[in-house]
Amino acid sequence: MKKHILILIFILTLPACAKTITGEISKELNIDRHQVIDSQNNIPIEGVIIKIPSKNFQTKTRKDGTFDLKTQINSPTIMTAEKSGYKPYSLTLNEIKSPIQVSIEKTTPKDIIVDTQMIHIGDNSFSPRSANADDFSIFSSGPFYSKDFKINLLKKSEELFLVIGSIIGIDTHQAQKLGQSKVLTAHSSPPEIFFNGNKIAEIKINGDNQKIKIPFNLIKHDKNNNLTIKSGKNLFKTTSIDFDDIEFTNIFFEIK
């Protein structure tokens, strides 16, 4: 099994300042409203679509990049930010008591956007104590997700990374130990990631901006490639298969 790189983003509540949230770093600053800025030049971005799918909430940023979250958030909840010309962005929010500043990054010609929709896989049968069960926003499409996409010819010096913007609902033993899953009597195997039919990773905990390096020898250059994500299974169920229900969004590939 190939190792995967995991980056988790947490919002900290501070009484007199906010947090700038990006894919990899955060810094403190003084602002009084939620805001979206360009990661390269820190200029506010107008017209970014902000969504919280589980709350059926949507808004847009103003000319100064600010926006309001007119919905109550008291448990881990996915927020997405969409703007043409920028990479898909999502963040798992907890209770918000101070403004946040989201920093989004422009796309490059080499980025491959696979899917920006919210995706639910599993069997629609899960405990209310399952990780993020209250935040599920759609019904399952089945126990796995599969998508074909084309990759242009890469140089041998270039590396391909799969990015999963946000993923919730994972009920593995590791997720239980972190307090993400409240299920007491069982746990599931982790979701599995397959690239062109080859298993390349497992995702054992919920989080944001999870990156997985794709082995160069598995890439089909200038041809269609396939990404498949399979749901985990309840390891304590013996009479029938019980798939772990999970949701994820913003699937894309970066070339470094």
Mind checking whether V163 and I119 sit in one hydrophobic cluster, side chains of I, L, V, M, F, W, Y counted as touching below 4.5 Å?
-> no
With a cut-off of 6.0 Å (strictly less than), are more than 12 heavy atoms of other residues, nucleotides or ligands near NZ of K87?
-> yes
Can a salt bridge be assigned to the pair D38 and K106 using a cut-off of 4.0 Å between side-chain N and carboxylate O?
-> yes
Carboxylate-amine/guanidinium contact K60 E46, below 4.0 Å | no
More than 12 foreign heavy atoms under 6.0 Å from CG of N56: is that the case here?
-> no
Below 4.5 Å, heavy atoms only, C-beta onward: do I50 and T61 meet side chain to side chain?
-> yes
When the ring planes of F126 and F136 are compared, do they come out parallel, tilted or perpendicular, using 30° and 60° as the limits?
-> perpendicular
Side-chain ion pair, K199 and E192, N-O less than 4.0 Å | yes
May I ask you to say whether K256 pairs ionically with E254, meaning some side-chain N is under 4.0 Å from a carboxylate O?
-> yes
With a 4.0 Å cut-off, would you call R33 and D68 a salt bridge?
-> yes
How far does CZ of F161 sit from CD1 of I255, to the nearest 0.5 angstrom?
-> 11.0 Å
Donor-acceptor pair between D123 and S125 side chains, under 3.5 angstrom | no
In terms of heavy-atom contacts, does CD of Q117 have more than 12 from other residues, nucleotides or ligands at under 6.0 Å?
-> no
Can I214 be reached from I164 by stepping across I, L, V, M, F, W or Y side chains whose heavy atoms are under 4.5 Å apart?
-> yes
Applying the 4.5 Å side-chain criterion to the ILVMFWY set and letting contacts propagate, would F248 and L227 be lumped into a single cluster?
-> yes
F144 atom CZ, neighbour heavy-atom count above 12 within 6.0 Å | no
Which of these, D208, I246, T249, I78, sits in a side-chain contact (heavy atoms from CB on, under 4.5 Å) with I168?
-> I78
Do the two ring centres, one from F149 and one from F253, sit under 6.0 Å apart?
-> yes
Cluster check I73, F57: I/L/V/M/F/W/Y, side chain < 4.5 angstrom = yes
May I ask you to test the S140-D245 pair for a side-chain heavy-atom distance under 4.5 Å?
-> yes
Hey, quick one: are L162 and L218 part of the same hydrophobic cluster, counting side-chain heavy atoms closer than 4.5 Å, chains of contacts allowed?
-> yes
Taking the side chain as every heavy atom from C-beta outward, state whether I200 and F194 have any pair of such atoms under 4.5 Å apart.
-> no
May I ask you to decide if the ring planes of H221 and F216 are parallel, tilted or perpendicular, using 30° and 60° as cut-offs?
-> tilted
Report yes if some heavy atom in the side chain of D244 is under 4.5 Å from a heavy atom in the side chain of S231; otherwise report no.
-> yes
Student check: side-chain heavy atoms of S54 and I52 closer than 4.5 Å = yes
When you check the gap from the basic side-chain N to the acidic O, do K51 and E82 get nearer than 4.0 Å?
-> yes
Exercise: identify the closest heavy-atom pair between I167 and I205 | CG2-O, 4.4 Å
Would you please indicate if the ring centroids of F139 and H120 are separated by under 6.0 Å?
-> no
Run the salt-bridge test on K147 and D115 with the 4.0 Å N-O cut-off and return the result as yes or no.
-> yes
Under 6.0 Å from the NZ atom of K233, do we count more than 12 heavy atoms belonging to anything else shown?
-> no
